[in-house]
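Below: one structure, written as structure tokens.
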Amino acid sequence: DTGVSQDPRHKITKRGQNVTFRCDPISEHNRLYWYRQTLGQGPEFLTYFQNEAQLEKSRLLSDRFSAERPKGSFSTLEIQRTEQGDSAMYLCASSLQGPLTPFFGSGTRLTVV
Amino acid sequence: DQQVKQNSPSLSVQEGRISILNCDYTNSMFDYFLWYKKYPAEGPTFLISISSIKDKNEDGRFTVFLNKSAKHLSLHIVPSQPGDSAVYFCAAKEGEGAQKLVFGQGTRLTINP
């Protein structure tokens with residue numbers, strides 16, 4: 001499978017716990033994005049990497065959220081001290097340089113109980 | 001402030017007929033628009049895009065129309081097929097070099113046999 005891969009597909013965690021998600025982009029794509037989608041809404045932009053550099057962060061990305069892409073390949077998104085409002089689908093996407101056409105993974109569904 | 005709006009949460013169309021999905025936007029700085037399709041438990045899949053310098057783009061059964069003066073775009077699917085049943089999102093990008101997409105809330109399209 002050469003698409004964008006996300007792990008895990010589902011995560012249930014207790015409020016206050018930390019969680020980490022992983023995204024493996026399409027191998028030749030140098031741009032990587034994280035989005036969050038809640039029920040009945042479209043995806044909302046969280047952050048963007050070009051290679052290993054994090055170039056843009058949304059104000060939605062509070063201090064409890066951190067994303068990394070240490071070697072310009074896979075990326076991780078960590079949420080510390082999870083809250084019930086963090087329950088959502090977290091989508092990763094990647095693209096090549098050029099016209100913006102991100103390819104999305106299947107997402108990680110987070111449920112905070 | 002919802003900059004991209006899809007005012008129809010759902011649409012039902014008979015197989016073989018034309019499906020028209022609509023999207024309105026408020027930000028006149030948007031210069032590139034995309035449509036994505038999403039099946040349950042999958043990430044959004046890119047369908048078609050259009051630059052603001054054009055008013056129409058066609059790809060097989062899918063055509064996107066852009067009316068900049070009305071800040072309105074639409075996706076036409078003809079003929080509609082059962083496999084087109086999905087949630088459709090329009091998205092927009094603001095300006096040269098921007099990497100953030102702003103999505104609408106989505107329209108659930110159901111194709112009836």
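Note that the structure is predicted; figures quoted are calculated from it, not measured. Per chain, numbering begins at 1; letters A, B, ... match sequence-line order.
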**Asked** Is the number of heavy atoms from other residues, nucleotides or ligands within 6.0 Å of CD (B:Q81) greater than 12?
**Response** yes
**Prompt:** Just checking heavy atoms, which of residues 21-57 of chain A are less than 4.5 Å from chain B?
**Reply:** A:R31, A:Y33, A:Y35, A:Q37, A:G40, A:Q41, A:G42, A:P43, A:F45, A:Y48, A:E56
**Asked** Any link between B:F30 and B:L66 through a network of hydrophobic side chains (Ile, Leu, Val, Met, Phe, Trp, Tyr) touching at under 4.5 Å?
**Response** yes
**Item:** Atom group of B:L34 that falls short of 4.5 Å from chain A, counting heavy atoms
**Value:** side chain
**Message:** Tell me the closest heavy-atom pair linking B:A98 and A:L100, and the distance in Å.
**Reply:** O-CD2, 3.9 Å
**Message:** Suppose a student defines contact as a heavy atom less than 4.5 Å from any heavy atom of chain A. Which residues in residues 43-57 of chain B would they list?
**Reply:** B:G43, B:P44, B:F46
**Item:** A:V19-A:F65 co-clustered via ILVMFWY side chain contacts under 4.5 Å
**Value:** yes
**Asked** Is the count of non-hydrogen atoms from other residues, nucleotides or ligands lying under 6.0 Å from A:R15 atom CZ greater than 12?
**Response** no
**Verify same cluster id: A:F104, B:F62 (apolar side-chain graph, 4.5 Å)** = no
**Asked** Can you say whether B:A91 sits under 4.5 Å from chain A via the side chain, the backbone, both, or neither, judging by heavy atoms?
**Response** neither
**Fill in**
The interface call for B:Y36 against chain A, heavy-atom contacts under 4.5 Å, is side chain
**Whether over 12 other heavy atoms sit under 6.0 Å from B:K100 NZ** = no
**Item:** Neighbour count above 12 (heavy atom, 6.0 Å) for A:L60 CG
**Value:** yes
**Request:** Determine, using the 4.5 Å side-chain heavy-atom cutoff (strictly less than), whether B:F103 and B:L109 are members of one ILVMFWY cluster.
**Result:** no
**Message:** Is A:R109 close to chain B through its backbone or its side chain, or both, or neither, when contacts mean heavy atoms under 4.5 Å?
**Reply:** neither
**Item:** Within 6.0 angstrom of B:R108 CZ, more than 12 heavy atoms from elsewhere
**Value:** no
**Request:** Would you mind checking which part of A:L91 comes under 4.5 Å of any heavy atom in chain B, side chain (CB onward), backbone (N, CA, C, O), both or neither?
**Result:** side chain
**Asked** Do you reckon A:M89 sits in the same ILVMFWY cluster as B:Y88, going by side-chain contacts under 4.5 Å, direct or chained?
**Response** no
